[in-house]
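Remarks on the structure that follows.
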Amino acid sequence: MDILVCIKRVPDTGGRVNLTSDNRQIDTSNMEFTISPHEECAVEEAIRITEEQGGEVTVLALGPEGTTEQLRESIAKGATQAILLQSDDDNWDAHATAHAIINAVKDKKFDLILMGNEAADLGQYQVGPRVATMLGVPCATGVKALQFQDGNAIAKRQDGNNWAVFELPLPAVVTVKEGINKPRHPSLRGIMAAKRAPLEQIAMDAPAPKMVHKGLKLPQESGDQVTMLGEGAAAVPKIMETLKELGVL
Amino acid sequence: MTLVYVEYQDGALTEASQSALSVASMFGGPIHAMALGSADAEVLKPYGVEKVLHVADDRLNTYAPGAAGKAVHQVISSQSAETVVAASTASANEILSRAAALGDWGFASACTELSVDGDVVNLTRAIWGGSLFQEAQLTGSPKLITVDPNAFAPQQATAPGAAEVEAVSVALDDADFVDQLKAVEKGEQQGIPLASAKVVIGGGRGMGSEEAFSILEELAGLLNGAVGGSRVATNNGWRSHSDQIGQTGTQIGPDVYIACGISGAIQHMVGCKNSKNIIAINKDAEAPIFQRASHGVLGDLHEILPALIEEVKKVKGV
């Protein structure tokens, strides 16, 4: 099975974010970058499927030059090849992104396209269903279990305590959520090989978004101060008091 | 005309859809509502809905995002809707994404603030799990918008609408139902569900091992609570992913959340921000969680928790 996986490079934000001086982006000067979590699981799922059934995994990302780091990481884990749609522009809405993906893969054939349910940063929930609709293929979103039977993808998503089951003929688009698998770490050998792996790079024209990015805004701080109950086991009486006050004891 | 895509659950209009109806008046012009399957029109009157467009195709009673998206696309086009509003739910976002792709339209999801400025809509969206906001402008026509139900309280219109039901027919082929819901498998709930627990005990990097979580289980048992973990805990395999509290896991909202050995990464904090009280236990005084917690204890959880459990047992008489 030949699989396309679409991923996004996002900053690893940690505990606190600051904005750039023009308030357009997160100040990433002291941050590392990572593959958006749901998409990291999409890469893992694709590698597992091809390990079982054969076929190739192509990983695609839209982003700046630095995105090669996440593409090479995917190759190090077991993806076959990678495509970078290179753009420094921060104005890619879901509409423009879906068009860019379609343009890049329209002459290629895939049995399955895997994406994340939503990217960790913009969380638009749109690119997967948009790409499926534009390609005229079936789609399931938010999938946490994926199997194959008689040429169909059996995709399950959690609905409260139950599982909603979809059965899609291939080719299809499936967007996954973290928890579908536990992503592997790349092997040292994989990392070395990925360094030399050729990447297909396509320079993108400026996007034509329908939703135009204007800037970012930090939430208002509550201003509430933490009440310190003490240090070490000596704090236990105060914790007990607090639990009683809060009505849980 | 503003078209509100409304959703019903067990025959009742969802509260999230009431939020979506409440913002429709800001766009000016008549408000029409659209529902798939059978819909109670009476409950739409207080929101100033003039017409209820009822898509008469029984096949849509079972969730079918492809067919539903096509139906929504056809109704938007045939009724010349300028703005389309819905609640930001998984189903509405999926269905509107498909309608937007068919029409090549712009769609802003999860909006928390909206204002109309001539031909454009200025909006704010919740991003990074709600820890940050994006300001953007939606252009073109029609404009598709889903609103974060938490950001807009349901509010009835100054004048009620007639909510006159009008059946609209849409052209759907069997092939449009290719990705329809096939079956629902009943899951088994074990213990107290994390999402609705009144007390939650969470463990993070500071737990150090899978075994260490038994101490959280013991405390949770005594306090009738549920145990969860940060993304570090689930990525390390100390807890199953279904126990993850965070942006890519479960959103909790307990009366008390006891966060043990959790530094307070944004990924985690957006999952527990609805907790009424957070008691953070951490040995690092600089941990960001102390900026977000209501109560803090500085120190090693491996010393504090056993001592706490002894005291709780005394009170409980066990």
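Worth knowing before you read on, the calculation uses all heavy atoms, side chains too, and leaves out hydrogens, waters and symmetry mates. In what follows, chains are A, B, ... by sequence order, proteins preceding strands, each numbered from 1.
Taking every heavy atom of both residues into account, A:L243 and B:L223 meet most closely at CD1-CD1, 4.5 Å. Across all their heavy atoms, A:M211 and B:A108 have their closest contact at SD-CB, 3.5 Å. B:V315 approaches A:L249 most closely through the heavy-atom pair CG1-CG, 4.3 Å.
A 4.5 Å side-chain heavy-atom check between B:Y63 and A:F166 finds at least one atom pair inside the cut-off. Contact check for B:Q134 versus A:L216: side-chain heavy atoms found under the 4.5 Å cut-off. Side-chain atoms of A:M240 and B:K314, non-hydrogen and from C-beta on, never get closer than 4.5 Å to each other. Side-chain contact check for A:C139 versus B:R98: some heavy-atom pair is nearer than 4.5 Å.
Using a 4.5 Å cut-off between heavy atoms, B:E310 does not touch chain A at all. There is no contact between A:I180 and chain B, counting heavy-atom distances below 4.5 Å. Only the backbone of B:N236 comes within contact range of chain A, with at least one heavy atom under 4.5 Å from a heavy atom of that chain. Of the two parts of A:V137, only the backbone, made up of N, CA, C and O, holds a non-hydrogen atom closer than 4.5 Å to a non-hydrogen atom of chain B. For a residue to count as touching a neighbouring chain, one of its non-hydrogen atoms must lie under 4.5 Å from one of that chain's; by this rule A:E221 touches chain B with the side chain only. Within the 4.5 angstrom heavy-atom criterion, only side-chain atoms of B:I258, from C-beta onward, approach chain A. Proximity to chain A (any heavy atom under 4.5 Å) is shown, for B:V184, by both the backbone and the side chain. For B:T124, the part lying near chain A is the side chain, with the backbone staying farther off; criterion is any non-hydrogen pair under 4.5 Å. Contact of B:D104 with chain A is made through backbone and side chain together, with heavy-atom distances under 4.5 Å. Only the backbone of B:S294 comes within less than 4.5 Å of a heavy atom in chain A; its side chain stays farther off. For chain A, no part of B:K70 is nearby; none of its heavy atoms comes within less than 4.5 Å. Only the side chain of B:I279 comes within contact range of chain A, with at least one heavy atom under 4.5 Å from a heavy atom of that chain. Within the 4.5 angstrom heavy-atom criterion, atoms from both the backbone and the side chain of B:V312 approach chain A. Only the side chain of B:E113 comes within less than 4.5 Å of a heavy atom of chain A; its backbone N, CA, C and O stay farther away.
Remark: side-chain polar atoms of A:K182 are paired, donor with acceptor, to backbone N or O of B:N235 under 3.5 angstrom. Panel note: side chain A:Q126, backbone B:F107; a donor-acceptor pair is recorded below 3.5 Å. Side-chain atoms of B:E185 do not come within 3.5 Å of backbone N or O of A:V165 as any donor-acceptor pair. Formation of a donor-acceptor pair under 3.5 Å by the A:D121 side chain with backbone atoms of B:W128 is not found in this model. A distance-only check finds a donor-acceptor pair linking the side chain of B:S109 to the backbone of A:Q124 [under 3.5 Å].
In this structure, the separation between CG on A:L246 and CG on B:N277 is 4.5 Å, given to the nearest 0.5 Å.
Note: B:G296 leads B:A265, B:A101, B:P288, B:G296 in heavy-atom pairs under 4.5 Å with chain A. With respect to chain B, the highest number of heavy-atom pairs below 4.5 Å among A:K156, A:M134, A:R24, A:K238 belongs to A:K156. Of the listed residues (A:A132, A:G230, A:A233), the one with the most heavy-atom contacts under 4.5 Å to chain B is A:G230.
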Walk me through it: do A:V248 and B:K198 pass the test side chain to side chain contact (heavy atoms under 4.5 Å, CB included)?
CA-CA 8 Å; A:V248 298; B:K198 294 287 173 204; over 6 Å; no

From CA spacing to verdict: side chain to side chain contact (heavy atoms under 4.5 Å, CB included), B:L132, A:I26: CA-CA 10 Å; B:L132 200 62; A:I26 292 176; 3.8 Å; yes

Checklist line | B:Q267 and A:T13: CA distance, side-chain angles, deciding distance, side chain to side chain contact (heavy atoms under 4.5 Å, CB included) verdict | finding: CA-CA 8 Å; B:Q267 140 82 25; A:T13 51; 5.8 Å; no

Residue pair B:V256, A:T242: steps toward the side chain to side chain contact (heavy atoms under 4.5 Å, CB included) verdict: CA-CA 10 Å; B:V256 178; A:T242 306; over 6 Å; no

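Under a 4.0 Å N-O distance rule, the pair A:E40/B:R231 qualifies as a salt bridge.
A 6.0 Å sphere centred on CG of B:D173 holds more than 12 heavy atoms belonging to other residues, nucleotides or ligands. More than 12 heavy atoms of other residues, nucleotides or ligands shown are found within 6.0 angstrom of CZ on A:R48.
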